[in-house]
Amino acid sequence: MTEKPELTPQPAQSGFTNAVLMGFMAYLLFPLMALMTVIFALMLISDDLPGAGIALIIVSQVWVGAGIWGHFHRKKLLRQSAQEMDNDS
């Protein structure tokens, strides 16, 4: 079987693909999960279940932290991808 150079994955392409996925998670998925968790927590608090509501507010902070982590990890992946592109040139 012949190897086609255009079909072999480049390291910079895989880094960019991972950065796109990380961007989706950091900018859309994690903030949306945090928002839904806070809404559900406020509903529980308004229904006289403050313990469960406060616990869910703490869980929402985990989603926010994951979003911040994803932002910085995406930045690192893009930087590495750009360096690999520069090294290939």
Side-chain angles (χ1 to χ4, degrees):
M1 185 168 189
T2 61
E3 290 289 325
K4 295 185 178 182
E6 64 271 4
L7 296 180
T8 58
Q10 301 291 327
Q13 286 177 332
S14 65
F16 180 74
T17 304
N18 291 339
V20 169
L21 178 63
M22 191 58 63
F24 170 76
M25 290 171 39
Y27 301 134
L28 186 69
L29 184 65
F30 291 144
L32 187 62
M33 292 298 291
L35 180 65
M36 291 188 321
T37 306
V38 166
I39 289 171
F40 189 61
L42 292 177
M43 288 171 48
L44 285 173
I45 290 172
S46 69
D47 285 340
D48 292 331
L49 295 170
I54 291 173
L56 279 180
I57 287 176
I58 292 170
V59 169
S60 72
Q61 294 304 305
V62 172
W63 291 119
V64 170
I68 292 170
W69 172 83
H71 167 73
F72 287 113
H73 190 69
R74 176 181 180 269
K75 206 182 220 184
K76 185 176 95 174
L77 286 173
L78 286 174
R79 193 176 313 118
Q80 287 174 352
S81 226
Q83 286 176 352
E84 288 175 4
M85 289 290 286
D86 288 342
N87 292 340
D88 289 345
S89 299

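Here the structure is a predicted model, which is why all the values come from computation and not from measurement.
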So which heavy atom on P31 is nearest to which on M25, and how close? CD-O, 4.0 Å
Search all heavy atoms of A19 against all heavy atoms of L78 and return the closest pair with its distance. CB-CD2, 3.6 Å
Given the rule that I, L, V, M, F, W and Y join up when any side-chain heavy atoms are under 4.5 Å apart, are V64 and F72 in one cluster? yes
Tell me, yes or no, whether the heavy-atom count around Y27 atom OH, taken from other residues, nucleotides or ligands under 6.0 Å, exceeds 12. yes
Linking I/L/V/M/F/W/Y whenever their side-chain heavy atoms sit closer than 4.5 Å, directly or via other members, would F30 and L21 fall into one cluster? yes
Which pair of non-hydrogen atoms, one from A41 and one from I57, has the smallest distance, and what is that distance? CB-CG1, 3.7 Å
Do you know which two heavy atoms are closest between G70 and M22, and how far apart they sit? O-CG, 3.2 Å
Once rounded to the nearest 0.5 Å, what's the spacing between atom CD of Q61 and atom CD1 of I68? 9.0 Å
Closest non-hydrogen atom pair, I45 against P50: CG1-CA, 4.2 Å
Can you name the one residue among L35, T37, L29 that meets side chain to side chain contact (heavy atoms under 4.5 Å, CB included) with W63? T37
Please say yes or no: joined through hydrophobic side-chain contacts below 4.5 Å, possibly via intermediate residues, are L77 and V20 part of one cluster? no
Count I, L, V, M, F, W, Y as connected when their side-chain heavy atoms are under 4.5 Å apart, and connections chain through other members. Are V59 and M36 then in the same cluster? yes
Do H71 and R74 pass the side-chain contact (heavy atoms from CB on, under 4.5 Å) test, and can you show the C-alpha distance, the side-chain angles, and the key distance before you say yes or no? CA-CA 5 Å; H71 167 73; R74 176 181 180 269; 5.7 Å; no
So F40 and L44, side-chain contact (heavy atoms from CB on, under 4.5 Å) or not? Walk me through it. CA-CA 6 Å; F40 189 61; L44 285 173; 3.8 Å; yes
